[in-house]
Amino acid sequence: MTSPPLRSASVPGSRDAVAVDDKREAMMQTMTLGIDVAVRARHRATLADARGEYVWSGVGFRTHPEELERLWARVPADARVTVVLEPTRNAWVPLAAWLGARGATVVLVPPEQSKDLRSYYAKHTKNDKLDSRILARLPLLHPEGLAGVDDLGPADALKRAVRRHATLTARRTACYHRLDCLVELLGPAYADVLGAGEYTKTALAVLERYGDPRSLRRLGRARLTRLMISHSGGQWRDDKADQLRAAAAEALTLWQAGGLDFEQLAADIASEVRTVNTLTAELATVDKRIAVLYEQADPAGVFTSAPGIAVTSAAGILGRLGDPNRFANLAGIRGFTGLVPGLDESGQAGGHTGPTKAGDPGLRQQIYLAAERARLIDPTLAAKYHRLVVEQGKHHVSAVCNLAPILLTRMAACWRNGQRYVLRDVDGRPITQTEGRQICAERYSVPDDVRRRRRRTTTTKRQKHRTGRREQESTKAAPATDPSHPKTYRRTA
């Protein structure tokens, strides 16, 4: 944000008025307000001038309008103020909004940067007054590390909604994993019949009511069949009921000697199923909110025009990326994904490392999944994937990670140009998605033997899991025949 315009006594727009404004602009003081943001305690603020000298320091205040007004009154009226904050949870958002509305330029710094500078000043000590002093001098010590606030982050409803969706999805996946573990106690036959991972509605209904194999056997074949038909829409019928009854009989045989309380196990299974159903209903509500918010953010449907991108995926990418126009160029967008290689240089040696993994991890997940789908539709992406896997020997995950920033760059370029994504063949000819799927399947399918070779564990990875000669510790690759013993050191005089 820019500072508010200065008032001039001359006629607006005249040459004298412009000269007066330029003179006053040059006379304005440049100051930095460093604020150590707290969540429950009082914030600490320090004001430094252009030379880094402290005007005042360690002023405590809270995020109340009257206290903010008192703090702002301590700043000289003719100062051009830059506010430096650390993104402490969401407590920084109302501060940034209030100070930005007063004409201050608000910048955020990663906590790692201020931590390193704080260690230089005070070794291992830490206090709020020192934190605010470091932030006030940060523009002088590390000016290239200041990133302006382009949006208020969690204040954006779309960003909150997509993060809420990701959180609920992770919690439901965890419930599915716990449910798998509980069902495994009944034997492998249950998993063969009901499946594992994301259970169907019919499987959840059966497990919630009849997690005890004894009650399932007492239910009878006819009533179990009717239950399955009503919940599956007729897809599960008599044969499935017979398989499930056989699985229950097998569980009873496995535990005929006792040791497992079926009633308590059924109560735990029912509890997990109810949690899954609650999370699923909440996810449906969030999906509706996301659809409305995405329609407001992207009325032209630029992101959904990309191949294989539905509303939820497009909203997840746009909500976490923010406005693509806030980046100086497309290279900045690729760097924000964290899926670009890092650079490690020292003297005459140097080279590229693995992905930097900078930015939002949720964005990386969304664009990875989007690239996984798009490579089956877009021939240009499929051709690159085929070249990476078949010719260059890349693993599937590595190849898709190469495609993800390319796809996001194209979507961002479409957004910046106000155009929808146009699907093309490798020769530049526009095609439909049906044609794209057919071309990708015919030309760029990876042979099964190539995939098997790419999945083979390399010698380097096998070496990491071998038993050490000195300690003889047991590993996954080779259990030690002798008990492990601590390291022995030669005693010196």
Spacing of [atom1] belonging to [X] relative to [atom2] belonging to [Y], to within rounding of 0.5 Å:
| X | Y | atom1 | atom2 | value |
| --- | --- | --- | --- | --- |
| Arg237 | Ile229 | CZ | CD1 | 4.0 Å |
| Leu182 | Leu207 | CG | CG | 10.0 Å |
| Gln419 | Cys414 | CD | SG | 6.5 Å |
| Gln438 | Ile377 | CD | CD1 | 13.5 Å |
| Arg160 | Thr167 | CZ | OG1 | 13.0 Å |
| Lys288 | Leu293 | NZ | CG | 14.5 Å |

Please report the shortest heavy-atom distance between [X] and [Y], naming the atom on each side.
| X | Y | value |
| --- | --- | --- |
| Pro307 | Tyr421 | CD-CE2, 3.4 Å |
| Arg320 | Val162 | NH2-O, 4.0 Å |
| Pro94 | Asn90 | CD-O, 3.5 Å |
| Gly335 | Val340 | CA-CG2, 3.9 Å |
| Thr337 | Arg364 | O-CG, 2.6 Å |
| Ala161 | Val286 | O-CG1, 3.7 Å |

Quick one: is the NZ or CZ of Arg214 closer than 6.0 Å to the six-membered ring centre of Phe262, and within 45° of its axis?
-> no
NZ or CZ of Arg420 within 45° of Phe303 ring axis and under 6.0 Å | no
[X] atom [atom1], over 12 foreign heavy atoms within 6.0 Å:
| X | atom1 | value |
| --- | --- | --- |
| Asn417 | CG | yes |
| Arg245 | CZ | yes |
| Gln433 | CD | yes |

Do [X] and [Y] make a side-chain contact, defined as non-hydrogen atoms from C-beta onward lying under 4.5 Å apart?
| X | Y | value |
| --- | --- | --- |
| Tyr210 | Leu227 | yes |
| Val397 | Tyr368 | yes |
| Leu204 | Val276 | yes |
| Asp238 | Met228 | no |
| Thr432 | Leu423 | no |
| Trp236 | Thr200 | yes |
| Ile367 | Ile317 | yes |
| Val400 | Lys394 | no |

Can any side-chain N or O of [X] pair as donor or acceptor with the backbone N or O of [Y] at less than 3.5 Å?
| X | Y | result |
| --- | --- | --- |
| Arg416 | Pro324 | yes |
| Arg454 | Val389 | yes |
| Asp298 | Val302 | yes |
| Thr173 | Thr169 | yes |
| Asn329 | Gly332 | yes |
| Thr285 | Ala281 | yes |
| Lys240 | Val193 | yes |
| Asp180 | Gly197 | yes |
| Ser398 | His395 | no |

Looking only at side-chain N and O atoms, does [Y] offer a donor or acceptor that is under 3.5 Å from a partner on [X]?
| X | Y | value |
| --- | --- | --- |
| His396 | Glu372 | yes |
| Arg171 | Thr278 | no |
| Arg172 | Thr280 | yes |
| Trp415 | Asp323 | yes |

Verify the ring-centre separation between Tyr385 and Tyr444: is it less than 6.0 angstrom?
-> no
Stepwise side chain to side chain contact (heavy atoms under 4.5 Å, CB included) test for Gln366 and Ser313 | CA-CA 7 Å; Gln366 290 290 341; Ser313 298; 4.3 Å; yes
Run the numbers on Val107 and Val83 for side chain to side chain contact (heavy atoms under 4.5 Å, CB included), then give the verdict.
-> CA-CA 6 Å; Val107 297; Val83 181; over 6 Å; no
Salt-bridge present (Asp156, Arg163; N to O < 4.0 Å) = no
Salt-bridge test for Asp378 and Arg437: reply yes if a basic N is under 4.0 Å from a carboxylate O, no otherwise.
-> no
Might you work through the salt bridge (charged side-chain N to carboxylate O under 4.0 Å, His left out) test for Asp448 and Arg453, ending with a clear yes or no?
-> CA-CA 9 Å; Asp448 293 338; Arg453 290 198 299 271; over 6 Å; no
What's the verdict on side chain to side chain contact (heavy atoms under 4.5 Å, CB included) for Leu408 and Arg334, showing C-alpha distance, side-chain angles and the deciding distance?
-> CA-CA 8 Å; Leu408 182 62; Arg334 289 194 296 272; over 6 Å; no
Full working for side chain to side chain contact (heavy atoms under 4.5 Å, CB included) between Ile269 and Leu265 | CA-CA 6 Å; Ile269 291 176; Leu265 177 62; 4.0 Å; yes
